[in-house]
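Report on one structure; see the data block that follows.
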Amino acid sequence: NEDFIKSKTNTHIHLFSNILDIDEFSLTALLQLVESNFPGDNYFICVSPYINDTRTSRLDAFVKFFSKKKDFEKINTIDNRPGQWKGTWTRVVRVFKASL
């Protein structure tokens, strides 16, 4: 909690790249930190390469937690496996908004 600077703004933008799909990273702890430190409108941009369905499910679990919050809005979802985007590149993108 002490790592976050408290501000008077009511709108927050969160960028998560290549972290939400890591098994060793605690989603529960992150969810608690975000929920307790960022009141107001929150926009989330979550990206990762596609590795497997299990890893992608961690991003989806993150979204699902916020889907129960006020003013939840799914803005964009992209799933590209090898050969579906640029050559062998892959991507998983989740963009959404929620009020806390």
Side-chain angles (χ1 to χ4, degrees):
N1 287 332
E2 60 275 359
D3 290 337
F4 300 113
I5 298 170
K6 302 293 182 189
S7 68
K8 295 179 183 181
T9 184
N10 205 26
T11 302
H12 312 279
I13 299 173
H14 307 275
L15 305 172
F16 295 100
S17 177
N18 296 28
I19 189 66
L20 299 177
D21 63 339
I22 304 297
D23 291 331
E24 293 79 22
F25 183 79
S26 173
L27 281 181
T28 303
L30 177 62
L31 291 167
Q32 291 171 347
L33 282 172
V34 170
E35 188 172 37
S36 63
N37 285 288
F38 297 99
D41 292 332
N42 289 267
Y43 291 85
F44 297 86
I45 302 161
C46 310
V47 299
S48 174
Y50 174 80
I51 298 166
N52 60 42
D53 289 341
T54 301
R55 300 285 279 281
T56 299
S57 70
R58 286 178 55 87
L59 271 81
D60 292 332
F62 187 81
V63 175
K64 185 176 180 180
F65 174 85
F66 291 103
S67 71
K68 299 171 186 157
K69 302 297 181 186
K70 182 180 175 187
D71 296 330
F72 174 81
E73 178 185 349
K74 190 180 291 186
I75 298 170
N76 199 2
T77 297
I78 299 172
D79 291 288
N80 293 124
R81 295 181 182 200
Q84 294 179 331
W85 185 36
K86 296 181 178 188
T88 59
W89 290 14
T90 64
R91 65 181 171 169
V92 176
V93 179
R94 304 291 185 262
V95 182
F96 63 96
K97 173 193 172 220
S99 293
L100 304 176

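- Val47 and Leu20 fall into different hydrophobic clusters, where Ile, Leu, Val, Met, Phe, Trp and Tyr side chains are chained together by heavy-atom contacts under 4.5 Å.
- When all heavy atoms of Asp41 and Ser99 are compared, the closest pair comes out as OD1-OG, 2.7 Å.
- Under the salt bridge (charged side-chain N to carboxylate O under 4.0 Å, His left out) criterion, Lys69 pairs with Glu35, not counting sequence neighbours.
- Taking each heavy atom of Tyr50 and Asp53 in turn, the nearest pair found is OH-OD1, 2.9 Å.
- The structure places CG of Leu15 at 14.0 Å from OH of Tyr43, a figure rounded to the nearest 0.5 Å.
- When all heavy atoms are compared, the tightest approach of Phe96 to Val63 is CE2-CG2, 3.5 Å.
- Within the 4.5 Å cutoff, the side chain of Leu31 has heavy atoms near those of the Phe66 side chain.
- A donor-acceptor pair under 3.5 Å is formed between the side chain of Arg58 and the backbone N or O of Ile22.
- In this structure Asn18 satisfies the side chain to side chain donor-acceptor pair (under 3.5 Å) test with no other residue, sequence neighbours excluded.
- Within 6.0 Å of CH2 in Trp89 there are 12 or fewer heavy atoms belonging to other residues, nucleotides or ligands.
- There is no path of hydrophobic side-chain contacts, each under 4.5 Å, that joins Phe62 to Val95.
- Between Thr11 and Lys97 the shortest side-chain heavy-atom distance does not fall below 4.5 Å.
- For the salt bridge (charged side-chain N to carboxylate O under 4.0 Å, His left out) test, no residue two or more places apart in sequence or in another chain qualifies with Arg55.
- Taken to the nearest 0.5 Å, the CG atom of Asp21 stands 3.0 Å off from the OG atom of Ser48.
- Val92 places none of its side-chain heavy atoms less than 4.5 Å from the side chain of Thr90.
- Between Ile19 atom CD1 and Leu59 atom CG the span is 10.5 Å, to the nearest 0.5 Å.
- Here the closest non-hydrogen pair linking Gly40 and Asn42 is O-ND2, 2.9 Å.
- Between the side chain of Arg94 and the backbone N or O of Ile78, at least one donor-acceptor pair lies under 3.5 Å.
- Put simply, Leu27 and Phe38 are part of the same group of oily side chains (I, L, V, M, F, W, Y) that touch within less than 4.5 Å, one to the next.
- Hydrophobic clustering (side-chain heavy atoms under 4.5 Å, transitive across Ile, Leu, Val, Met, Phe, Trp, Tyr) keeps Val93 apart from Trp85.
- In this structure, the side chains of Phe44 and Val34 come closer than 4.5 Å at one or more pairs of heavy atoms.
- Atom-to-atom distance recorded for Phe16:CZ and Leu30:CG is 4.5 Å, nearest 0.5 angstrom.
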